[in-house]
Every structure is written in structure tokens, then in C-alpha cells.
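Worksheet: one structure, shown below.
Heavy atoms only: backbone and side chains are in, while hydrogens, waters and symmetry mates are out.
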Amino acid sequence: MDFPGMHGKESMAHAAPRYEPLGEGPFAKTHEKFTRVGEFEWAALGEGIEDPRERERGRRSFILRALDEQRSLLAFSELLTELCLSGAPIDVIGSMTRVVRDEAHHVDLCDRVVKQLGGWGEKSPHPSWVRTNKKLSLKRRTIQMVLGSLCIGETVSVAMIAGVRKHTTDPVTLEVMTRLLADESFHSRFGWWWLESMPLTDEDHEFARGYLARVLPQVAASLRPNAEALAKPHRYSPFGSMSAAEREQAFTETMETKILPGFDKAGLDASGIWAELEAA
């Protein structure tokens, strides 16, 4: 999960759906062996759910999820490249390779759900691609990506996917959400492992704190539901959903029990930044 303002944005003129699979030959066999996408009973997805409004609601939600995964695939591929360029330890690079492969898997899974529920349609939206700022040094680009997209983004994503999964009643979609949740949990841990393992200079700490002071308000604005949303009644979807109140609770608990303490432990005083934000 990436948030506005974390990194530079770039527009790419590709029509959805992107990353259409070949579906045959050695690439398809290799990809299927890694992802085990053949284990899902795709034809049974949505079986027994006849209400066209529910199916359309599920289709639209997975289009948005697919776009998120496409953004993450590009962002983490870029981070992997930058770790290689900076001479990062090979076990760090190897672990990051898993993150990239997971994202390719997620793009495929979400695309299959969209197609099973009716397809992308003629006017599919485009992702807002998230890129690192090439004007910064490799290390500072890595710090931004790790803090923003992994420690914050993937940690929040774990909480949100878990909440949506809790209310998913379609069996095949539930299996998809379970796979996504397991992978996103590893991506979150990668970010915190990196922050614990990589030495940061005093200048790095100052840069990281400044970045958090900019990005945490953007995260709150992007993910916290407003009063109007909280007041609306919610109807759960068989393909997974959360009420606004549940989103608020999941976001707040994740921020206060995982993200802020994790940054504080690294000496970044995120709780102080957050307290000023809450008081404003």
C-alpha cells in the first residue's frame, strides 16, 4: 500500500488491464509453479451470488485492489534495484526479491477475481504510479521507501486486509484474501527488519524524522474515514468489506500499537509527531 506524497508520481500511458498473462508456455508454467494459482477453483468464485449489484460491488473493489498491487509491484521492483545498486547484503536483496515476486502474484490473483466477476470493462482506471525521487541519494530513497511503503503502508495493509477478510463469505475470495494477508505480513516485517538491521547516521535520523513529519499527516488524511463516512450504514459484501468504523479502529490500533512504537524504538520520535498531528 502506497500513500500520496510519499514519493514522486509518474504517469504511464498503459490501458488496463496491465500485465496480461501469456497463459501458456514456459513463463506460464514457471509462474504457476511459484504462485500455485492453479490451486484456486476460479470457476466457483461468486457461485450462488446472483445479485448483480453485489457482483459489481465485488468487481469494483478488486479493480481498486488490483491497481494497488500494480503500484506496489513497480515500487518494490524499484526498491529492489536500488538495494542492488547500493550493495545491500545479499540476504536482504534475496528477501526483497520475495516481496517483488509476491506482488506479481497478487496482481495475478486480483486480476483473476476481476475477470471472474465480469472483467475490467472498456474504461478501466489507471494506477497513480509511485516512484522514488531520483534527486535523492540511494540511501535516502531507500529510507523513504522502507518507512513509507513497507513499515507504514504494508503494516496498515495487513490490518485492512485482515478486517476485510473477516467479512468475506465467498469461499474462493476468502482463499485469495488469506493468501494476500500472509504475504503482506511478510512485507511489513521486512520493513521493520531493515530498520532494525541497517545503521542510520545522525543525518539519516534527521532526514527520516522530517520525512515522517510530512508523510504521517498524508497517511491519516488518506485512510481515516471522515464524519460523514462514519455516519453511513454499512452492508457487508460476500467478496469482503469493512465498515468505516472498523477501518477507523483498525487504522488507529495499528498506528498506536505497531507503527508509532516501531519508529520510536528506532529513535525517530514518531509518537511526538503523531501527538502534534492529533492536537492540531
Side-chain angles (χ1 to χ4, degrees), residues 1-7 57 60-69 71-72 75-76 99 103 106 110 127-128 130 144-168 177-178 180-192 195 208-209 211-237 239-266 268-280:
M1 180 182 290
D2 298 290
F3 300 103
M6 281 188 177
H7 326 289
R57 186 180 173 198
R60 289 179 178 273
S61 70
F62 268 89
I63 284 178
L64 296 177
R65 186 165 286 119
L67 297 179
D68 281 341
E69 300 299 342
R71 279 193 293 269
S72 294
F76 293 144
V99 175
E103 296 299 350
H106 298 176
C110 293
S128 297
V130 176
Q144 281 194 344
M145 183 69 79
V146 169
L147 268 59
S149 291
L150 290 166
C151 293
I152 298 176
E154 297 297 89
T155 303
V156 172
S157 183
V158 168
M160 296 301 178
I161 291 175
V164 169
R165 178 183 175 276
K166 179 181 177 181
H167 301 294
T168 303
M177 297 303 293
T178 300
L180 293 178
L181 181 58
D183 292 342
E184 298 286 297
S185 178
F186 172 75
H187 304 174
S188 169
R189 293 197 304 274
F190 178 97
W192 297 111
L195 193 56
R209 283 193 293 269
Y211 174 70
L212 290 179
R214 296 192 307 274
V215 80
L216 285 174
Q218 296 168 358
V219 170
S222 298
L223 292 180
R224 300 188 82 166
N226 58 31
E228 182 181 354
L230 288 167
K232 287 183 178 179
H234 180 76
R235 187 182 78 258
Y236 291 111
S237 165
F239 303 105
S241 66
M242 291 174 74
S243 68
E246 287 171 321
R247 288 185 178 276
E248 168 68 15
Q249 182 179 2
F251 175 79
T252 302
E253 287 183 356
T254 300
M255 189 64 65
E256 294 179 351
T257 65
K258 296 181 180 178
I259 294 174
L260 298 179
F263 287 146
D264 289 347
K265 183 179 178 182
L268 301 180
D269 190 29
S271 290
I273 296 171
W274 189 253
E276 291 182 6
L277 175 64
E278 292 285 87

task: Please say which of Lys166, Glu248, Arg247, Gln249 ends up in a side chain to side chain contact (heavy atoms under 4.5 Å, CB included) with Met242.
output: Arg247
message: So, using salt bridge (Lys or Arg N to Asp or Glu O under 4.0 Å) as the criterion, who are the partners of Arg57 when residues are at least two apart?
response: Glu54
- request: Please name the pair of heavy atoms, one in Ala229 and one in Ala244, separated by the smallest distance, quoted to 0.1 Å.
  value: O-CB, 3.5 Å
query: If you look at every heavy atom in Val146 and Gly191, which pair is closest and at what distance?
result: CG1-O, 3.6 Å
task: Only counting residues at least two apart or in another chain, list the ones meeting ring-ring contact (aromatic ring centres under 6.0 Å, His included) with Phe263.
output: Trp192
query: What pairs with Phe186 under ring-ring contact (aromatic ring centres under 6.0 Å, His included), at least two apart in sequence or on another chain?
result: Trp193
statement: Hits for side-chain contact (heavy atoms from CB on, under 4.5 Å) against Ala221, two or more places apart or cross-chain, chain-then-number order -> none
task: Evaluate the side-chain proximity of Val219 to Met255: yes if any heavy-atom separation is below 4.5 Å, no if none is.
output: yes
message: Under a 3.5 Å distance rule, please check whether Thr155 uses its side chain to pair with a backbone N or O of Cys151 as donor and acceptor.
response: yes
message: Using side-chain heavy atoms (C-beta onward) and a distance below 4.5 Å, is Ser72 in contact with His106?
response: no
task: With sequence neighbours excluded, tell me which residues meet side-chain contact (heavy atoms from CB on, under 4.5 Å) with Ala266.
output: Leu195, Leu268
message: Assess, by modelled atom type and distance only, whether the side chains of Gln218 and Ser222 contain a donor and an acceptor separated by less than 3.5 Å.
response: no
statement: Taking every heavy atom of Pro217 against every heavy atom of Arg214, the minimum-distance pair comes out as CD-O, 3.4 Å
- prompt: Are any of the side-chain heavy atoms of Thr168 and Thr178 separated by less than 4.5 Å?
  reply: no
Under 3.5 Å donor-acceptor pairs involving side-chain atoms of residues 269-280, not counting sequence neighbours:
| residue | atom | partner | partner atom | Å |
| --- | --- | --- | --- | --- |
| Asp269 | OD1 | Gly272 | N | 3.4 |
| Ser271 | OG | Asp264 | OD2 | 2.4 |
| Glu278 | OE1 | Arg224 | NH1 | 3.0 |

- request: Kindly confirm or rule out a cation-pi arrangement of Arg65 over Phe62, judged by NZ or CZ under 6.0 Å from the six-membered ring centre and within 45° of its axis?
  value: yes
